[in-house]
Amino acid sequence: MNFHHALPVIGTCMAITFFSPLTSAESRIDRQTETAVPRAQNLYGIGVGVLPKTSGSDEYRALVLPIINANYGDRFFINALQAGAWLVDSEDKRLRFGLSAEAKFGWDASKGDRTRGMDNRDFSIFVGPLLRWQTDYGTLNAQWTTDASGNSNGQQFQVQYIKSLLRSPNLRLNGLVGATWNSQKFNNYYFGVRNNEVNASRPFYRAGSGVEWQAGINGMMPVMTNHSLLFGAFITRLSDEQYDSPITETRIQPMAYVGYSIPF
């Protein structure tokens, strides 16, 4: 995790028309759908995520990760593995344009049955512009990023829709759907098989570009004053180019996490 032709053009035109670097009107930001994780205040904690061991794997690995979901001066933000800054806003801050950097996990080839003997795929940082549009019906995000670490030299374009499903003092739930276009270089790095990685059961494979689809749910449940239990589950449907790779075992890639945030 794309309708990736129309939205950037529309977003650019709206940005030129409505954005102002200095705003005086009252902010109308919906904090619950500001990010995929619902929240009313900054969150700091620790969590455990479960995700596929390698690209397309049907086995999973667990990672312990810090949880930070916070704004600073309503201009800078950290959202899990993403951090950035808003540069220009509409007057009510429901339409915002900024820049972000996001971490992408690699994998250890020795951990997968189909990748054993291949080269590892390294942890990468992707950077690029981000557009967010909050409406009365949910939040739309559009983001283009490129691999600044130089591992894949790939690019991604993602469109994401976040909808509040439940708002109550005891439980907040957000639903999410999205699509991500991955460039040929991105897919080939994570799903391709190089000449030096070929064996009897793993033929050479050069992946092309393609679109993957995502859907999921995120929740936050207060457990005591300013303490919260966080949880979420997602599925990604791989593109044809990713699914056709000889290292892919299943097209549907699930991910889940649970965490706990504390006052800070």
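Just so you know, residue 1 is the first one in the sequence shown, and it goes up from there.
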For this session: Using the test salt bridge (Lys or Arg N to Asp or Glu O under 4.0 Å), find all partners of R172 that sit at least two apart in sequence or belong to another chain.
Result: none
Problem set entry | Nearest heavy atoms of V37 and N174, plus distance in Å | C-ND2, 4.0 Å
For this session: Name the orientation class of the two ring planes belonging to Y44 and Y72 (parallel below 30°, tilted from 30 to 60°, perpendicular beyond 60°).
Result: tilted
Problem set entry | Residues, nucleotides or ligands: over 12 heavy atoms within 6.0 Å of R206 CZ | no
For this session: Give, for atom CG of L165 and atom CD of Q32, the distance between the pair rounded to the nearest 0.5 Å.
Result: 8.5 Å
Exercise. What about W86 and F77, are their ring centers closer than 6.0 Å?
Worked result: yes
Problem set entry | I67 and its side-chain contact (heavy atoms from CB on, under 4.5 Å) partner, picked from I262, L230, I78 | L230
Seminar exercise, completed: Those residues at least two apart in sequence (or on a different chain) that pass salt bridge (Lys or Arg N to Asp or Glu O under 4.0 Å) with D74 are R31, K93, R96
Exercise. Looking at F231 versus Y260, is the centre-to-centre ring distance below 6.0 Å?
Worked result: no
Problem set entry | Ring-face cation of R121 near Y189 (centre distance under 6.0 Å, axis angle within 45°) | yes
For this session: To the nearest 0.5 Å, tell me how far S183 OG sits from Q156 CD.
Result: 8.0 Å
Exercise. Which heavy-atom pair separates T145 from G128 by the least distance, and what is that distance?
Worked result: CG2-N, 4.0 Å
For this session: Can you measure from OH (Y161) to CH2 (W133) and round to the nearest 0.5 angstrom?
Result: 11.0 Å
Exercise. Does Y190 reach the side chain of S124, with side-chain heavy atoms less than 4.5 Å apart?
Worked result: yes
Problem set entry | Residue F76 excluded, over 12 heavy atoms near CZ under 6.0 Å | no
Problem set entry | Test salt bridge (Lys or Arg N to Asp or Glu O under 4.0 Å) applied to R202 - qualifying residues, sequence neighbours left out | none
Exercise. With D30, which of R167, R94, K163 fulfils salt bridge (charged side-chain N to carboxylate O under 4.0 Å, His left out)?
Worked result: R167
